[in-house]
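Shown next, in C-alpha cells, is the structure this report addresses.
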Amino acid sequence: MPALQVPPGVEGFLSLVELPDDAWRSRWDRIVAPDGLKERLLNFVLFSLRHRARLDPVGLPVHGLVVLSGPPGTGKTTLAGGLADRAARELGGSGLLFVEIDAHAFPSQLLGESQRAVARLFERTLPDLAARGRPTIVLLDEVEALAVSRAGASLDTNPVDVHRATDAVLAGIDHMARACPNVTFIATTNHEAGVDVAFLSRADAIERMGLPSAAAIEQILRDSISEVAKADGFDARALSALAKACADASLDARQVRKLVLRAITSRRELADDPSHLRVEDVAAALRQGR
Ligand SMILES: Nc1ncnc2c1ncn2[C@@H]1O[C@H](COP(=O)(O)OP(=O)(O)OP(=O)(O)O)[C@@H](O)[C@H]1O
Ligand SMILES: [Mg+2]
C-alpha cells in the first residue's frame, strides 16, 4: 500500500502509512525477542484498540501507551512497526493508520515554541487524524527527546522550557487518552533514565528489550545468512560457537547482522556471489573486528 500523503503544513510527522503492508511483515517476523514479549505487546495493542472506548478510566485506567526500552540496536523501532502491521492484520477492516512522530522536531531551546508545537500536535493534529475513525498507532520513537526528564534536564537547555515542553507532552497524552480511544501510542527509548518519570508512569506497560542472548543471536545469524545463502548447509556447531562468541562480545542484534554484511564484503568472491557465504566467514569477520 502506498504511503499516505502527510497533510501539508503538518509539523512533527515523520511518516504516515496505511497498514497492513506486505513489505512490513518482516519487521514482526524477523525480530527475535525474549519469550512472550511479542505476544504481550500484540495482546496489549489489540485490547487497547478494541476495548478502550468502553472502559471507565477509573475502573481500569488504560492510557493506550506502551514503552519499549533497551540499548541501541535491539529492535525497538523495527518491532514497533511490525507490531502495528501485525495488529492491522488481526483487526482486519479498512486498515490501520500508523504515524511516526519526529521527536526531534520540537527543539526545546526555542522559547516557548516547542511547548506550543507539542500542544498543537496532541490537541489538534493527532485528534484530526483520529477523527478519520480508523484504528491508529502513533510511534513516539526516541521519546527521551520529547518527554525529557525534568529532573535530569541538562543545564545548557533552558530548564523552564524543558519543563513546559514535557508538561505539554504529559497533558497531550492525557488528552488523547480521554478523547481518542482509537489511538494507541508506542514509545521507544534507549535512554530510559532520560525519560520523564511522569511519562513512564502513564505507560500501561514498559517492555525491556535487552542485548540478545546466545540463543537469540544464533537465530539472528541463521536468519541473516539465509538472506543470501542456503541455510541448510550450515555447520550447526560452528554456528552455535559463533553465536556464543558474539554474545560474549556483547554485540547487539544490529551489530550481529552487520557482522554478516562485513563477512560478505570482506572478500570480492563473496561480494560477487554471496550464496557461498559460510559460518566460518562470519566467524573470521568477528575475529578481525576485535
Ligand atoms: N531483536 C532483533 N532481532 C533481529 N534483528 C534485530 C533485532 N534488533 C535489531 N535487529 C536488526 O537491527 C536493525 C535495527 O534495529 P532497530 O533500529 O529497530 O533497533 P533500535 O532498538 O530501535 O535501536 P536504536 O535504539 O539505536 O534506535 C533491525 O532492522 C534488524 O535488522
Ligand atoms: Mg530505534
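Treat the numbers as computed from the prediction; the structure is a model and nothing was measured. Counting starts at 1 for both ligands and their atoms, in listed order.
Close N/O approach between Leu79 and ligand 1 is not found [any backbone or side-chain N/O within under 3.5 Å]. Residue Gly70 has no N or O atom closer than 3.5 Å to an N or O atom of ligand 1.
Protein heavy atom at the shortest distance from atom 28 (C) of ligand 1 is Thr78 OG1, 3.4 Å. Counting only heavy atoms of the protein, atom 23 (O) of ligand 1 lies nearest to Gly73 N, 2.9 Å. In terms of protein heavy-atom proximity, atom 7 (C) of ligand 1 is nearest to Ala253 CB, 3.1 Å. Arg257 NE, 3.7 Å is the protein heavy atom nearest to atom 30 (C) of ligand 1. Taking atom 19 (O) of ligand 1 as the reference point, the nearest protein heavy-atom neighbour is Gly75 N, 3.2 Å. Protein heavy atom closest to atom 22 (O) of ligand 1, with residue, atom name and distance, is Thr77 OG1, 2.8 Å.
Checking Thr77 against the Mg ion (ligand 2), an N/O/S atom falls under the 2.8 Å cut-off.
A salt bridge between Asp281 and Arg278 is present, with a side-chain N of the basic residue lying under 4.0 Å from a carboxylate O of the acidic one. With respect to Arg89 and Asp22, a salt bridge is recorded, a charged nitrogen being found less than 4.0 Å from a carboxylate O. Between Arg134 and Glu18 a salt bridge is recorded (basic side-chain N to carboxylate O distance below 4.0 Å). Under a 4.0 Å N-O distance rule, the pair Lys38/Glu207 does not qualify as a salt bridge. With respect to Arg268 and Asp272, a salt bridge is recorded, a charged nitrogen being found less than 4.0 Å from a carboxylate O.
Relative orientation of the Phe185 and Phe122 rings is tilted, given thresholds of 30° and 60° on the angle between their planes.
Using a 4.0 Å heavy-atom cutoff, Ala33 is absent from the residues neighbouring ligand 1.
Atom numbering of ligand 1 starts at 1 in the shown order; those under 4.0 Å from a heavy atom of Val32 are 1 (N), 2 (C), 3 (N), 4 (C). The atoms of ligand 1 that sit less than 4.0 Å from any heavy atom of Ile220 are 3 (N), 4 (C). Short contacts between ligand 1 and Asn190, defined as distances under 4.0 Å to a heavy atom of the residue, involve ligand atoms 24 (P), 25 (O), 26 (O). Contact atoms of ligand 1 toward Arg30: 3 (N), 4 (C), 5 (N) (distance under 4.0 Å to a heavy atom of the residue).
Exactly one of Thr78, Thr77, Asp85, Leu83 qualifies for a side-chain contact (heavy atoms from CB on, under 4.5 Å) with Arg27. That residue is Thr78. Applying side-chain contact (heavy atoms from CB on, under 4.5 Å) to Thr189 and the options Leu200, Asp141, Val143 leaves one that passes, Val143.
Which of Arg254, Lys258, Lys76 comes nearest to atom 17 (O) of ligand 1 through a heavy atom is settled by distance: it is Arg254.
Heavy atoms only, all atoms of each residue included: Ala187 and Leu65 are closest at CB-CD1, 4.1 Å.
In this structure, SG on Cys246 lies 12.0 Å from CG on Leu211, to the nearest 0.5 angstrom.
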